[in-house]
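I have placed the structure first, in the form of structure tokens, so that the comments after it can refer back to it.
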Amino acid sequence: MPRLSRLDWRTLVRWSGPFAILGALVLLRLTGDRWWVTLPLLYGPRYLLAPLLVTPLLAHSRTQPRRLLLPMVTGIALFLILIDFGISLPSRMPDRAPEGSLRVVAYNVRFGSGNFRETGVRWLQSVHPDIVVISECPRDDWNRMLPDYSLHRSADVCLLSRHEVLEWSQWPSNRSWAKGAPGPIARATIRAQGHEWIVGAVHLETPRNALTPLASKSLRSVPGSFTENLDVRRTESAAARALIVPEGESRPTVVAGDFNLPVESHLYRKFWGDLTNSLGETGTGLRWTWGFQPSISWLNWLHFGVRIDHILTSSGVRVSNAWVGPPMGSDHRPVIADLVLEQP
């Protein structure tokens, strides 16, 4: 077997990091939540792969410094994709949606934990949303806190609307009533700007339960726990899609909430991939929405730095801009999108 030359060795080291990051991206896309082994990578702290960016420096040569440029730039570009860094024209969120736009907020407030009742409600009042979808919604006096909005609830999901709600339907949402029963899923028909909009509100099952056996070091039970959890999450997404966006629905549609699905998830791609992701279109910077105040449980760290809260839109609806809001006591951050109904 021929020995690698000095040049070959340096080339291999220079490109090892970028190719490893590329491999992680491919692995996420191909397996993701199809295989329990890659589930921690899908929901985990992907920034831990940052040391791979310095591997080109291990092959540094004083006589050939330019050879470091291409692998380092390639590695950085792939890493930004891996950690979900969005690049679009920078834009500061205005206090109100532009005229002709519909402002939607999706926010998991963790049952009003932290200072949400003070800071969070005050923030909602300051950004003037038209529609708010709140996951893990506390049973507070919303009529007092946000008197300009009507409230509709499905288990732990609330929909607050400044516009007339013409119709409200929901899926039976108590997970304990049957194995594999979907979580909170609801659909509203809202009249806004002279048109009827369909607004879906969801809070889908977490994948955390698939990995809980790891906490007790019960590795043998992980595959079974993973399969059971995957079946529940597949059932939920199928039910949510059928209820909110049935075949033949042509009205402008928005689906918002805590999906517990990153965009690389095969469940996301299968059931929601044909819809436009607001942050995927215009989000700038790190688009993480989960994992900002992990609890003592080490399993929560597996979710640090991932986008699982979404505002999705159907064809005919243009996302003029979207942002990730500030932390306000919950382990989630809100998603805000200004939506424009395109003229036929």
Is it true that a side-chain atom of [X] and a backbone atom of [Y] form a donor plus acceptor pair closer than 3.5 Å?
X    : Y    : value
N229 : T206 : yes
E205 : E236 : no
S278 : I311 : yes
S16  : V13  : yes
R191 : E164 : no
Q125 : M145 : yes
R14  : L68  : no
Y43  : N260 : yes
T38  : G32  : yes
S314 : P252 : no

Looking only at heavy atoms, what is the nearest atom pair of [X] and [Y], with distance?
X    : Y    : answer
F79  : Y47  : CZ-CA, 3.9 Å
A106 : A256 : CB-CB, 4.0 Å
F271 : S237 : CD1-CB, 3.5 Å
R110 : D331 : CD-OD1, 3.6 Å
S154 : P184 : O-CB, 3.5 Å
C137 : R153 : O-NH1, 3.2 Å

Original post:
Can you hop from V335 to V340 via hydrophobic side chains spaced under 4.5 Å?
Top reply: no

Subject >> L166 with I244, same ILVMFWY side-chain cluster at under 4.5 Å >> reply: no

Looking at side-chain heavy atoms only, is the closest gap between [X] and [Y] below 4.5 Å?
X    : Y    : value
L243 : S169 : yes
Y107 : I336 : no
V245 : I198 : no
V105 : W123 : yes
R307 : N277 : yes
L42  : H266 : no
F259 : L312 : yes
P18  : T55  : yes

Let me confirm one number: the [atom1]-[atom2] distance from [X] to [Y], rounded to the nearest 0.5 Å.
X    : Y    : atom1 : atom2 : answer
L160 : D148 : CG    : CG    : 11.0 Å
L279 : W323 : CG    : CH2   : 10.5 Å
R269 : L261 : CZ    : CG    : 11.0 Å
L53  : T74  : CG    : OG1   : 11.0 Å
H310 : L204 : NE2   : CG    : 9.5 Å
R103 : D130 : CZ    : CG    : 8.5 Å

**OP:** Start with the C-alpha distance between L57 and M72, add both sets of side-chain angles, then the distance that settles side chain to side chain contact (heavy atoms under 4.5 Å, CB included), and finish with yes or no.
**Re:** CA-CA 9 Å; L57 297 177; M72 291 199 72; 4.0 Å; yes

**OP:** Give the intermediate values and the outcome of side chain to side chain contact (heavy atoms under 4.5 Å, CB included) for residues W197 and V317.
**Re:** CA-CA 10 Å; W197 294 67; V317 180; 4.0 Å; yes

Subject >> side chain to side chain contact (heavy atoms under 4.5 Å, CB included) between L28 and L82, worked out >> reply: CA-CA 9 Å; L28 284 176; L82 179 69; 3.8 Å; yes

Original post:
Any idea how W168 and H152 line up, ring-wise: parallel (<30°), tilted (30 to 60°), or perpendicular (>60°)?
Top reply: tilted

Original post:
Applying side-chain hydrogen bond (donor to acceptor under 3.5 Å, both in side chains), which residue pairs with at least one partner in residues 241-259 are found, sequence neighbours left out?
Top reply: N108-D258, R187-E249, E196-R251, H203-D258, R241-D274, E249-R251

Original post:
Pick from V306, D309, I83, D84: which one makes a side chain to side chain contact (heavy atoms under 4.5 Å, CB included) with R287?
Top reply: D84

**OP:** Test side chain to side chain donor-acceptor pair (under 3.5 Å) on D338 and S320 and set out the steps.
**Re:** CA-CA 6 Å; D338 287 343; S320 63; 4.7 Å; no

**OP:** Can you establish whether the number of heavy atoms outside W15 located under 6.0 Å from its atom CH2 is more than 12?
**Re:** yes

**OP:** Decide side chain to side chain contact (heavy atoms under 4.5 Å, CB included) for L151 and L146; before the verdict, give the C-alpha distance in whole Å, the side-chain angles of both, and the deciding distance to 0.1 Å.
**Re:** CA-CA 9 Å; L151 170 68; L146 296 172; over 6 Å; no

